[in-house]
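Since the structure is predicted, the reported quantities are computational estimates derived from the model, not experimental observations. Counting begins at 1 with the first residue of the sequence.
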Amino acid sequence: MSTPAQAIDAAAKKTGNGASWPGAAMERVVDIFAADYRRPLGPVLIAAVLTAAAVLESNRPFSPFSPTVALVFGVLATAPIAVIRRFPLAAISLVLTANAAFVVLARLSWSVAAVAGWLLTLAACPVVWPRRRAMAAVALTEIAVLLGVIGLNRNATPWDATAAEALAVLAAWGAGEMVRARRQSAFEQAAVAEQVRELRERDVVARERANIARELHDVVAHHVSMIAVRAATVPYSVPDLSEPGRAAFDEIAEEARTALTELRVVLGVLRAQDGAVPGPAPQPRIADLTGLVDRMTSAGMEVTLRVTGPVRPLPGSTELCCYRVVQEALTNAGRHARGSAVRVTVTFREETISCTIVNSTATVGPGPRSGGERGGGSRGSFPFGQHGLGLTGLRERVAMLQGVFEASPNQPGGFTVHAVLPAPPASGAAPQATQ
């Protein structure tokens, strides 16, 4: 995942692609000043080049300033750019003041390097300063330009040169304003993208919890129904049961029926589609993994299934979770690592069951829907593979059963999904078929 700073940089570059050539070129130069502290060398390099050039130009012929004074003002007009990010107030003030001295008192001493530093600093004002302060700096600079033509210096400046300087000040400030606006827009876009990503993750967790609630509704409803039936039939199977005992079993049966009704009312809405509440559907179990593997194999995947350990009946929620882990892992392998060989291992232990799915080719990003993905659904749809967030749903599902979930690249360059679930034996459950 990219960092917020990287997201802002990428969005800023994308936003500026439509600018015309002169504006885009100026923006790229000014962007060096807008760079964050991860790239502090940009202003330093520019300051070094401009300062060296200003020193070489300090001894200009017909200069109103002496070489020493011209050298001092040339350095002050360029060198502070090196620290413009850390000390923007002092750096910009020194550069603009030194260049104002050239503009007002000695234009013939004003070197090309100092002019370049002057324009770059003016462009940096909107980027590193608040807008009101930046506008004040531009206004004071324009005043200095106008003062240069009223006779304060010994070198009269033609009106067209003064007009060009005034327009250059406005152009530099406008370029800085474009950079500031572009970076602000990029920052907002990155913030919105981060919010969208968080909402997508929350959505997949919410959908996963809704799926779990729907499936547990079927599992719990079955057991509560059995309690109600068993309690209602006890008086008939035990003829010599006392009257208080009969009343107690009748009360248990009635409470079970009430609980079943309330359970269906509370969770039934989660099963609703287009306003209709469907009846309970049979949920996949570990025994159904054989059919899942067969469908994936017929779709072109190379999948092998191995079940080890003492196979025994497990609670319905545990078997369903194990099935879903294998199903989503195979779906992702079919989508992202087509042509890879996938090994599925289900291991029964005394108190746990583990599911390990290993494919031979690493995930390389989303691709076209494959036949393996279409064959991944067993009974009903299983949408966790959408948007690349299936692993988030699996982690949520396993965590709700107090299990452990891991998914990471493996050493040979493939991908491994591993889940361990508590698996106490389920009484009265049917035996499982294995392969």
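- Annotation: salt bridge (Lys or Arg N to Asp or Glu O under 4.0 Å) contacts of Glu177 (sequence neighbours excluded): Arg131, Arg180.
- Using modelled atom types, one side-chain atom of Thr121 and one backbone atom of Gly117 make a donor-acceptor pair closer than 3.5 Å.
- Residues Ala137 and Trp129 come closest through the heavy atom pair CB-CZ3, 3.7 Å.
- Cys125 is linked by a disulfide (SG to SG under 2.5 Å) to nothing, counting only residues two or more places apart in sequence or in another chain.
- Within the 4.5 Å cutoff, no side-chain heavy atoms of Thr304 are placed close to those of Val344.
- Take Val238 and apply the side chain to side chain contact (heavy atoms under 4.5 Å, CB included) test, not counting sequence neighbours, and it matches Val234, Asp240, Leu241.
- Side-chain contact between Val346 and Ser354 is absent, with no heavy atoms from C-beta onward closer than 4.5 Å.
- Taking all atoms of both residues into account, the shortest heavy-atom contact from Phe102 to Ala77 is CE1-CB, 4.4 Å.
- Considering only heavy atoms from C-beta on, Ile353 comes within 4.5 Å of Leu314 through its side chain.
- Residues Asp288 and Arg285 have side chains in contact (heavy-atom distance under 4.5 Å, counting atoms from C-beta outward).
- To the nearest 0.5 angstrom, Thr331 atom OG1 is 8.0 Å from Met301 atom CE.
- Residues that satisfy the side chain to side chain contact (heavy atoms under 4.5 Å, CB included) test with Val112, not counting sequence neighbours, are Glu57.
- Within the 4.5 Å cutoff, the side chain of Val307 has no heavy atoms near those of the Leu289 side chain.
- A 4.5 Å side-chain heavy-atom check between Ser111 and Val115 finds every atom pair outside the cut-off.
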TODO: Take Val138 and Val169 through the side chain to side chain contact (heavy atoms under 4.5 Å, CB included) test and state the conclusion after the steps.
DONE: CA-CA 7 Å; Val138 172; Val169 170; 3.8 Å; yes

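- Here Leu292 contributes atom CG and Leu305 contributes atom CG; the two are 9.0 Å apart, rounded to the nearest 0.5 Å.
- Partners of Glu255 under the side-chain hydrogen bond (donor to acceptor under 3.5 Å, both in side chains) rule, at least two apart in sequence or in another chain, do not exist in this structure.
- Applying the side-chain hydrogen bond (donor to acceptor under 3.5 Å, both in side chains) test to Thr352 and every residue at least two apart in sequence or in another chain returns nothing.
- Between the OG atom of Ser340 and the CD atom of Glu302 there is a distance of 8.5 Å, given to the nearest 0.5 Å.
- Under the salt bridge (Lys or Arg N to Asp or Glu O under 4.0 Å) criterion, Glu254 pairs with Arg257, not counting sequence neighbours.
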- [ ] Start with the C-alpha gap between Leu122 and Thr141, add the side-chain angles, then the distance that decides, and say whether side chain to side chain contact (heavy atoms under 4.5 Å, CB included) holds.
- [x] CA-CA 9 Å; Leu122 286 171; Thr141 301; 3.6 Å; yes

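- Rounding to the nearest 0.5 Å gives a distance of 11.0 Å between CZ of Phe73 and CG of Leu94.
- Judged purely by distance below 3.5 Å, without hydrogens or angles, the side chains of Thr308 and Thr347 pair a donor atom with an acceptor atom.
- A heavy-atom distance below 4.5 Å is not found between the side chains of His418 and Val325.
- Put simply, CD on Gln327 and CD1 on Ile357 are 11.0 Å apart, with the number rounded to the nearest 0.5 Å.
- Contact detail for Tyr323 and Arg295: the closest heavy-atom pair is OH-NH2, 3.4 Å.
- Under the side-chain hydrogen bond (donor to acceptor under 3.5 Å, both in side chains) criterion, Trp110 pairs with Asn99, not counting sequence neighbours.
- Leu76 is not listed as a side-chain neighbour of Val95, based on a closest heavy-atom distance of 4.5 Å or more.
- When all heavy atoms of Val127 and Gly176 are compared, the closest pair comes out as CG2-O, 3.6 Å.
- For Leu330 against Met296, the heavy-atom pair with the smallest separation is CB-CE, 3.7 Å.
- Here the CG atom belonging to Leu120 is positioned 11.0 Å from the OG1 atom belonging to Thr78, to the nearest 0.5 angstrom.
- Under the 3.5 Å distance criterion, the side-chain polar atoms of Arg312 are matched with a main-chain donor or acceptor of Arg349.
- With sequence neighbours left out, Glu198 forms a side chain to side chain contact (heavy atoms under 4.5 Å, CB included) with Glu194, Arg202.
- Shown here for Ile84 and Ala91, the closest heavy-atom pair between the two residues is CA-CB, 3.8 Å.
- Considering only residues two or more places apart in sequence or on other chains, Ile227 meets the side chain to side chain contact (heavy atoms under 4.5 Å, CB included) condition with Ile252, Ala256.
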Open item on the list: Run Glu142 and Leu170 through side chain to side chain contact (heavy atoms under 4.5 Å, CB included) and show every step you take.
Closed with: CA-CA 9 Å; Glu142 292 284 24; Leu170 294 178; 3.3 Å; yes

Donor-acceptor contacts, no H, no angles, side chain residues 398-410, under 3.5 Å, sequence neighbours left out:
residue	atom	partner	partner atom	Å
Asn410	OD1	Gly414	N	2.6
Asn410	ND2	Phe415	O	3.4
Asn410	ND2	Thr416	OG1	3.0

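- The backbone N or O of Arg182 lies less than 3.5 Å from no partner atom in the side chain of Ser185, so there is not a single donor-acceptor pair.
- Using a 4.0 Å cut-off between charged side-chain N and carboxylate O, Arg324 and Glu328 make no salt bridge.
- Partners of Cys321 by disulfide (SG to SG under 2.5 Å), not counting sequence neighbours: none found.
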